[in-house]
J.: 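Got a structure for you, questions after.
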Amino acid sequence: MQQTQPAPDGFVHASLAQMMALEHRVRGLSFLSRQPLSSILSGNHASRLRGRGLSFDELRHYIPGDDLRHLDWRASLRYGKPFVRTFTEERDRPTLLLVDQRMNMYFGSQRCFKSVAAAELAALSAWIAFHAGDRVGGLVFGDHQVEHIRPLRSRARVEALCAAVVRANHRLSATGPDAEHHDQLDIALRSCIGAAGHDHLVCIISDFAGVTPKTLQLLRQLSAHNDVIAMQVYDPIALQVPDKGRITVTQGALQVELEVERRQVHRPLGEFLSGRLRDVAELLRRSQVPVMMISTGEDTLEQLRRELGRLTGIAR
């Protein structure tokens, strides 16, 4: 579907300058809280965050004040003196952003199109990871292709990722055909599993349209060895269909204009849109992946800030 009235400039298509400028707005934001168990990535199941992890540093004599949990009992018994193991935190880890720029994202009824909100989320997430000292990369997928950007810790790599999102975003248009590959989300997830391997932070930014019976399995496979966050982008019309006006529904070259005030249109349309949200919510709940809900009708950064606070339990 597409809105019949054009959105303001800058909200139908994203710009690279707009995405790069978001760097200065993410100060103080993090995907990690100060308490590991209240990390966004611990979700509702209290699983410990893999995070950057700890690397063994050295085995040394115990010094009063050392954490007794780090005592190495075997070494202590062998040498007759207390020894402790020391660890250092890994300095960085790869962050992969899986960014949806399919035709189903080219829709907006209020502030911006879903495709633009997804682009903003990608840039904000990339800058958060970059300022945390992490390597940043991603996979940007449209209806026909998946573009890979290998993770590196450099401002140039963040720019390259944002540029890839903008290229995919600008390929979307009202005259574009509907998707031919209805399993493109699964294709992108498989590519992400191959690229991530293990111990990555993976942010999936999508409306999750086109889920299949295989999607749940792929999400579980991806989250088995990585920390995964789902950022579900939705339009407010999915929660509340307007009482008046017209909506243009497209199917390839076919376009149908619907008068939403008509009861035989309003009720089925509302049930269809809200039903899709419920289906995706159930899928993500079963996958045990923590979810952020991001509306196209509000400022993306403020919603991200609020969702980070909600999922980490920290006021921001």
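Residue numbers start at 1 and run along the sequence shown. Remember, it's a predicted structure, so these values are computed and weren't measured experimentally.
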J.: Leu98 versus Ser206: any side-chain heavy-atom pair under 4.5 Å?
T.: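 A side-chain contact is absent here, since even the closest heavy-atom pair is not under 4.5 Å.
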J.: For Ser125 versus Met231, what's the shortest heavy-atom pair and its separation?
T.: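 That would be OG-CE, 3.4 Å.
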J.: Could you state the interatomic distance from NZ (Lys114) to CD (Gln232), rounded to the nearest 0.5 Å?
T.: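 The CD atom of Gln232 is 9.0 Å from NZ of Lys114, to the nearest 0.5 Å.
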J.: Rounded to the nearest 0.5 Å, what separates atom CD1 in Ile128 from atom OG in Ser30?
T.: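 If I round to the nearest 0.5 Å, the distance is 7.5 Å.
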J.: If we count only N and O atoms by modelled type, under 3.5 Å, do the side chains of Asp207 and Asn104 hold a donor and an acceptor together?
T.: yes
J.: Report the C-alpha distance between Leu185 and Thr212 in whole Å, list the side-chain angles of each, state the deciding distance to 0.1 Å, and finish with yes or no for side chain to side chain contact (heavy atoms under 4.5 Å, CB included).
T.: CA-CA 9 Å; Leu185 175 60; Thr212 73; over 6 Å; no
J.: What I'd like to find out is whether the side chain of Leu161 reaches to under 4.5 Å of the side chain of Val136, using heavy atoms alone.
T.: yes
J.: Between Trp127 (side chain only) and Ala21 (backbone N and O only), is there a donor and an acceptor less than 3.5 Å apart?
T.: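 Side chain of Trp127 to backbone of Ala21, a donor-acceptor pair under 3.5 Å: no, none is there.
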J.: Is it true that Glu302 and Arg111 make a salt bridge, defined as a side-chain N closer than 4.0 Å to a carboxylate O?
T.: no
J.: Residues in ring pair (Phe, Tyr, Trp, His ring centres under 6.0 Å) with His170, at least two apart?
T.: His13
J.: Just checking, is any N or O donor in the side chain of Gln184 or Asp143 under 3.5 Å from an acceptor N or O on the other one?
T.: no
J.: Applying ring pair (Phe, Tyr, Trp, His ring centres under 6.0 Å), can you list everything that pairs with His61, at least two apart in sequence or on another chain?
T.: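 Scan of His61 (ring pair (Phe, Tyr, Trp, His ring centres under 6.0 Å), adjacent residues dropped) gives Phe83.
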J.: Any chain of hydrophobic side-chain contacts (each under 4.5 Å) joining Ile204 to Met293?
T.: yes
J.: Kindly indicate whether the side chain of Val116, heavy atoms from C-beta on, has any atom under 4.5 Å from the side chain of Val12.
T.: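 Val116 does not reach Val12 side chain to side chain.
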J.: Please list, chain by chain and in numerical order, all residues satisfying side chain to side chain donor-acceptor pair (under 3.5 Å) with Glu23, sequence neighbours excluded.
T.: His131, Arg155
J.: Which heavy atom in Ala196 sits nearest to a heavy atom in Leu222, and how many Å separate them?
T.: CB-CD1, 4.2 Å
J.: Looking only at non-hydrogen atoms, find the nearest pair between Met105 and Ala118 and report the distance.
T.: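 Nearest pair, atom of Met105 first, then Ala118: CE-CB, 3.6 Å.
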J.: Salt bridge check, Lys214 against Asp183: does any charged N sit closer than 4.0 Å to a carboxylate O?
T.: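 Here Asp183 does not pair with Lys214 in a salt bridge, since their nearest N and O are not under 4.0 Å apart.
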J.: Do Arg135 and Arg157 touch side chain to side chain, with heavy atoms closer than 4.5 Å?
T.: no
J.: Between atom CG of Leu301 and atom CG of Leu29, what is the distance when rounded to the nearest 0.5 Å?
T.: 6.0 Å
J.: Is it the case that Arg102 places NZ or CZ above or below the six-membered ring of Phe141, under 6.0 angstrom from the centre and within 45 degrees of the axis?
T.: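 No cation-pi geometry.
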J.: Kindly indicate, with the supporting measurements, whether the criterion side chain to side chain contact (heavy atoms under 4.5 Å, CB included) is fulfilled by His225 and Asp199.
T.: CA-CA 6 Å; His225 302 289; Asp199 297 330; over 6 Å; no
J.: Nearest 0.5 angstrom please: Leu216 CG to Leu218 CG, how far?
T.: 9.0 Å
J.: Show the nearest heavy-atom pair for residues Val165 and Ala119, with the distance to one decimal.
T.: CG1-CB, 3.6 Å
J.: Let me know which of Leu124, Asp100, Val233 forms a side-chain contact (heavy atoms from CB on, under 4.5 Å) with Ile205.
T.: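 Only one option passes, and that is Val233.
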J.: Honestly curious: do Val84 and Trp73 fall in one hydrophobic cluster under the side-chain, below-4.5 Å linking rule?
T.: yes
J.: Which value, rounded to the nearest 0.5 Å, describes the distance between Leu68 atom CG and Tyr62 atom OH?
T.: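 If we round to the nearest 0.5 Å, Leu68:CG and Tyr62:OH are 5.0 Å apart.
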J.: For a 4.5 angstrom cut-off between non-hydrogen side-chain atoms, does Leu96 reach Asn226?
T.: no
J.: Would you call Arg305 and Asp299 a salt bridge, taking side-chain N to carboxylate O under 4.0 Å as the test?
T.: no
J.: Closest heavy-atom contact between Leu304 and Ile294?
T.: N-CD1, 4.2 Å
J.: Measuring only between side-chain heavy atoms, which start at C-beta, is Thr296 closer than 4.5 Å to Tyr234?
T.: no
J.: Report yes if the side chains of Gln18 and Leu16 come closer than 4.5 Å at any heavy-atom pair, otherwise no.
T.: no
J.: Please give me the minimum heavy-atom distance between Ile149 and Glu147, naming the atom from each residue.
T.: CD1-O, 3.8 Å
J.: Hey, mind stepping through Gln101 and Val140 against side chain to side chain contact (heavy atoms under 4.5 Å, CB included) and telling me if it holds?
T.: CA-CA 7 Å; Gln101 290 292 308; Val140 183; 4.3 Å; yes
J.: For the CD atom of Glu307 and the CE atom of Met292, what is their distance to the nearest 0.5 Å?
T.: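 Reported value, rounded in 0.5 Å steps: 6.5 Å.
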J.: Can you list the steps and then say if Arg74 with Asp72 is a salt bridge (charged side-chain N to carboxylate O under 4.0 Å, His left out)?
T.: CA-CA 6 Å; Arg74 288 186 179 180; Asp72 188 310; over 6 Å; no
J.: If you apply the rule side chain to side chain contact (heavy atoms under 4.5 Å, CB included), what do you find for Asn169 with Tyr106, and how did you get there?
T.: CA-CA 9 Å; Asn169 181 260; Tyr106 194 69; over 6 Å; no
J.: Any salt bridge linking Arg306 with Glu298? Criterion: basic side-chain nitrogen under 4.0 Å from a carboxylate oxygen.
T.: yes
J.: Answer with yes or no whether the hydrophobic clustering places Met20 together with Leu121; edges join I, L, V, M, F, W, Y residues whose side-chain heavy atoms lie under 4.5 Å apart.
T.: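 Per the 4.5 Å side-chain linkage, Met20 and Leu121 are co-clustered.
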J.: With heavy-atom distances below 4.5 Å as the criterion, would you say the side chains of Ser223 and Gln288 are in contact?
T.: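 They are not in side-chain contact.
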